[in-house]
Protein chains: 2
Amino acid sequence: MAGNETGRRHSRDDVAEAALRILDDLGLPDLTMRRLAASLDVQPSALYWHFPNKQTLLAELADRIVATRPEGSAAGKDAGPEAAGGADTDWADSVRSEAAALRDALLAYRDGAEVVSSTLALGLGSPETVDRFARAVARGGFDAETSRRAATALLHFVLGHVSHEQQRLQYDSLGVLATGDSSPLDEDDPAAAFAFGVDLLVGGLELSRSRR
Amino acid sequence: MAGNETGRRHSRDDVAEAALRILDDLGLPDLTMRRLAASLDVQPSALYWHFPNKQTLLAELADRIVATRPEGSAAGKDAGPEAAGGADTDWADSVRSEAAALRDALLAYRDGAEVVSSTLALGLGSPETVDRFARAVARGGFDAETSRRAATALLHFVLGHVSHEQQRLQYDSLGVLATGDSSPLDEDDPAAAFAFGVDLLVGGLELSRSRR
DNA sequence: ACCTGAACACCGTTCAAGT
DNA sequence: ACCTGAACACCGTTCAAGT
């Protein structure tokens, strides 16, 4: 059903795309190697020709998910007028839109945040996501270590927030929505709560800069 | 081996303690219902008399883990001299030590952060952890919604950071420590990186306060 | 280059029945 | 109140062999 319509053999890309489909349709708990194999009309063992194990498959999915950027959501150019060394008055907005773009990408696939989060935790997946944050922060004139630490703080917040957001989505889509049994982490306006958290981190950076 | 030494029957508390032991000794992936049952000299099905399912067991463990506070690490009293309404000049330090105490508690058990994180994500577990953060923030004179949002941002950062920290620990303890293959999220000084992230969030709150 | 067939070593959960 | 025995419906992964 993915890639080649009726032909027998599949590519690594076919497998990844079929996996992404199952993820988005059924969710991460239902993305099993056996179910994936079945969706490709293949034996489970065939998958191990394309990927050494499930974790590697998930890392590939994570990379594809974070590469999902809604059209025209570029968070500033890679090398603007002030790219070479100097401080950028607009760095804060670029951090904010980088965060928003990542959130959008994670929300584009069911359980996207959890897939990326667990892949990052295992040290797999491309470093692109942290790097983008770090570059945006560095535009503010912060040193490399500060930028990297701020970037991971941002990433942890974004992944935690969106994971919870998505968990809530499918919790609501299922039956259990009794009145008032919301957890204290639930937010009635997820986007606003997200922006607030990002602003807190950006504000902290601004403050640390104003103190030299 | 846990609770009653040679007697046959166990309490819910025995089961939880045995589970905590397995978690700390072998890690979350090896904490299976079957292995837990074996450690109690009991059939797997016996566990389902004490807990309706594994998730509920994990939620109980999460509550016990966050209740682990190293001796004398109280992050300020629950009702100090300025408890009733007014702003507290020292609220920032209380947020910081609350964060440090939570980190210590999570680090006290292998995979502690992941257990708490996944429990929180499922909306299980006690709301105490968020509440403590929210109360510490509220001492700064912030309204309830701001305090709650800041608290969840803090919690997401702490859980993300410590999860990664712990994943790195057992990654290092296993074989694979080739030179220079560290992920961009790795920190050579985890405690400093942790404090930096917390300071960013606290700084953001200070800034938002100075802007009225 | 890509897949089958068959097996290995597991999982979480249910449920009637026992004491 | 607490547990056994047996089953159900699954997992991820390996590996010799096929085309």
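A, B, ... follow the sequence lines: proteins, then strands. Residue 1 opens every chain.
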Given the C1' atoms of dA17(D) and dC2(C), what is the spacing between them in whole Å? 13 Å
Of dT14(C), dA1(D), dG12(D), the nucleotide closest to the side chain of Tyr48(B) is dT14(C)
Base-pair string, DNA chain D, Watson-Crick plus G-U, cut-off 3.5 Å on both distances, | for inter-strand, is ||.|||||...|||||.||
OP1, OP2 of dC11(C) versus side-chain N and O of Thr32(B): anything below 4.0 Å? yes
Expected list for residues 49-61 of chain A near DNA chain C, using heavy atoms below 4.0 Å, is Trp49(A), His50(A)
Practice prompt. If the plane angle is over 60° it's perpendicular, under 30° parallel, otherwise tilted; pick one for His164(B) and His156(A).
Written response: tilted
* **Side-chain ion pair, Glu165(B) and Arg103(B), N-O less than 4.0 Å** => yes
Assert: residue with more 5' nearest nucleotide on DNA chain C, out of Arg34(A) and Gln43(A), is Gln43(A)
Out of dC15(C), dT13(C), dC3(D), minimum distance to the side chain of Pro44(B) belongs to dT13(C)
Carboxylate-amine/guanidinium contact Arg149(A) Glu145(A), below 4.0 Å:
yes
Taking every heavy atom of Gln166(B) against every heavy atom of Tyr109(B), the minimum-distance pair comes out as NE2-O, 3.0 Å
Rounded to whole Å, the CG-P distance (Leu47(A) to dC15(D)) equals 17 Å
Looking only at dC3(D), dG18(D), dT4(C), the nucleotide nearest the Ala46(A) side chain is dT4(C)
* To do: Could you tell me whether Arg96(A) and Asp199(A) have a side-chain N and a carboxylate O separated by less than 4.0 Å?
  => yes
From CG of Asp30(A) across to C1' of dC10(D) the rounded distance in Å is 12 Å
Heavy-atom closest pair (Leu40(B) atom, Ala18(B) atom, distance to 0.1 Å) is CD2-CB, 3.7 Å
Separation of dC2(D) atom P from Leu40(B) atom CG, nearest Å, is 13 Å
Margin query: Can you check the distance between dC10(C) and dA9(D), where both ends of the measurement are the P atom (answer in whole Å)?
Written below: 22 Å
Spell out, as yes or no, whether a donor-acceptor pair under 3.5 Å connects the side chain of Asp14(A) to the backbone of Ser11(A). yes
In whole angstroms, the gap separating C1' of dA1(D) from CZ of Arg9(B) amounts to 7 Å
Taken to the nearest 0.5 Å, the spacing of Thr152(B) OG1 from Phe157(B) CZ works out to 14.0 Å
- request: Take Leu61(A) and Leu31(A) through the test side-chain contact (heavy atoms from CB on, under 4.5 Å) and record every step on the way to the result.
  value: CA-CA 12 Å; Leu61(A) 301 191; Leu31(A) 175 51; 3.8 Å; yes
